[in-house]
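Read the structure below first, then the notes.
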Amino acid sequence: YLEKALTVNITNQNEFAPTNILLSSTNMNENLAAGTLVGNLTASDADGQDAHTYALVSGTGSADNAAFRVEGARLLSNQIFNYEVKNQYSIRLRVTDSGGLTFEKAFTITIQNRNDHPTALNLSGSTILENHPGGTPIGVFSAVDEDAGETFTYALVSGDGSQGNSSFNIQANTLRNASALNAEAQETYSIRVRV
């Protein structure tokens with residue numbers, strides 16, 4: 001008789017569909033450029049080392065798919081998000097394994113608020129009668145900012161239009177003359193203010 005050790009190979013076949021899609025982050029800061037990474041995608045699949053592809057697909061929860069795109073296993077923004085306009089987006093993703101089996105899942109992407117820059121600076125009055133003593137109120141500053149509840153500080157700063165800064169000062173939000181001004185010597189002053 002003859003005995004011999006033989007090797008039997010088992011070929012893995014794709015038996016199981018993916019069972020979950022995982023997204024490393026579902027939060028994103030507002031005001032970031034289009035193409036910014038939201039999060040990395042992975043899949044749960046009992047087939048072990050199965051390869052996966054990801055795509056945005058229509059279906060329940062896909063209302064905001066156009067605001068995002070998938071590149072490889074990365075979810076990227078397709079636009080600049082503004083928290084004050086909209087702060088939650090609903091997307092639907094599909095993972096497909098190497099055997100063509102799929103799993104779909106809806107995600108909510110939450111936009112995080114960040115401090116936005118003021119968008120306008122206003123002065124309630126810009127005229128003062130000549131010869132008023134220094135410290136006379138001229139006007140009150142106010143600012144526009146899309147972030148609710150902001151408080152503002154105002155300062156005279158150098159730069160274009162700051163030639164007259166030395167003739168004025170700001171106390172809290174009020175513009176005041178630094179000393180008595182004489183219209184015969186100079187009628188207009190240019191100041192530069194930062195909020």
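When reading the values below, keep in mind they use all heavy atoms of this one structure, side chains included, and skip hydrogens, waters and symmetry mates.
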Check for me, please, whether [X] and [Y] land in the same ILVMFWY cluster - side-chain distances under 4.5 Å, paths through other members count.
X: Val70; Y: Val57; value: no
X: Ile111; Y: Leu37; value: no
X: Val157; Y: Leu175; value: no
X: Leu181; Y: Val193; value: yes
X: Phe16; Y: Val95; value: no

Query raised in the report: Pairs in or reaching into residues 168-195: which pass ring-ring contact (aromatic ring centres under 6.0 Å, His included), with residues at least two apart or in two chains?
Result: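 Qualifying pairs, neighbours excluded: Phe168-Tyr189.
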Going by heavy atoms in the side chains, are [X] and [Y] under 4.5 Å from each other?
X: Ile91; Y: Leu75; result: yes
X: Thr96; Y: Leu101; result: no
X: Thr42; Y: Ile21; result: no
X: Ile128; Y: Thr136; result: yes
X: Phe68; Y: Ile109; result: yes
X: Glu104; Y: Arg92; result: yes
X: Asp50; Y: His52; result: yes
X: Phe141; Y: Thr174; result: no

Return yes if a side-chain donor-acceptor contact under 3.5 Å exists between [X] and [Y], otherwise no.
X: Gln112; Y: Asn29; result: no
X: Asn177; Y: His132; result: no
X: Arg176; Y: Asn169; result: no

Report task. Could you list all the side-chain hydrogen bond (donor to acceptor under 3.5 Å, both in side chains) pairs where at least one residue sits in residues 138-158, not counting sequence neighbours? Result ->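 Pairs touching residues 138-158 that pass the test: Asn82-Glu146.
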Query raised in the report: Taking all atoms of both residues into account, what is the closest heavy-atom pair of Ser162 and Arg192, and its distance?
Result: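 Taking every non-hydrogen atom into account, CB-CB, 3.8 Å.
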**Report entry** Ser77 to Ala33 - nearest heavy-atom pair and separation
**Finding:**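 Nearest pair, atom of Ser77 first, then Ala33: OG-O, 3.3 Å.
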Query raised in the report: Does the ring center of Phe81 lie less than 6.0 Å from the ring center of Tyr89?
Result: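 Centroid distance Phe81-Tyr89: below 6.0 Å, so yes.
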Within the side chain of [X], is there an N or O that forms a donor-acceptor pair under 3.5 Å with the backbone of [Y]?
X: Ser124; Y: Val140; value: yes
X: Glu30; Y: Arg114; value: yes
X: Glu130; Y: Ala183; value: yes

Requested in this report: Among Asn115, Asn113, Thr36, Asp116, find the residue that satisfies the side-chain hydrogen bond (donor to acceptor under 3.5 Å, both in side chains) test when tested with Asn31.
Outcome: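 So the option named by the test is Asp116.
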**Report entry** From Tyr54 atom OH to Arg94 atom CZ, the distance as rounded to the nearest 0.5 Å
**Finding:**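 Reported to 0.5 Å precision, the distance equals 14.0 Å.
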**Report entry** Pair listing, salt bridge (Lys or Arg N to Asp or Glu O under 4.0 Å) test, anchored in residues 74-87, at least two apart
**Finding:**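 For residues 74-87: Asp64-Lys86, Glu71-Arg74.
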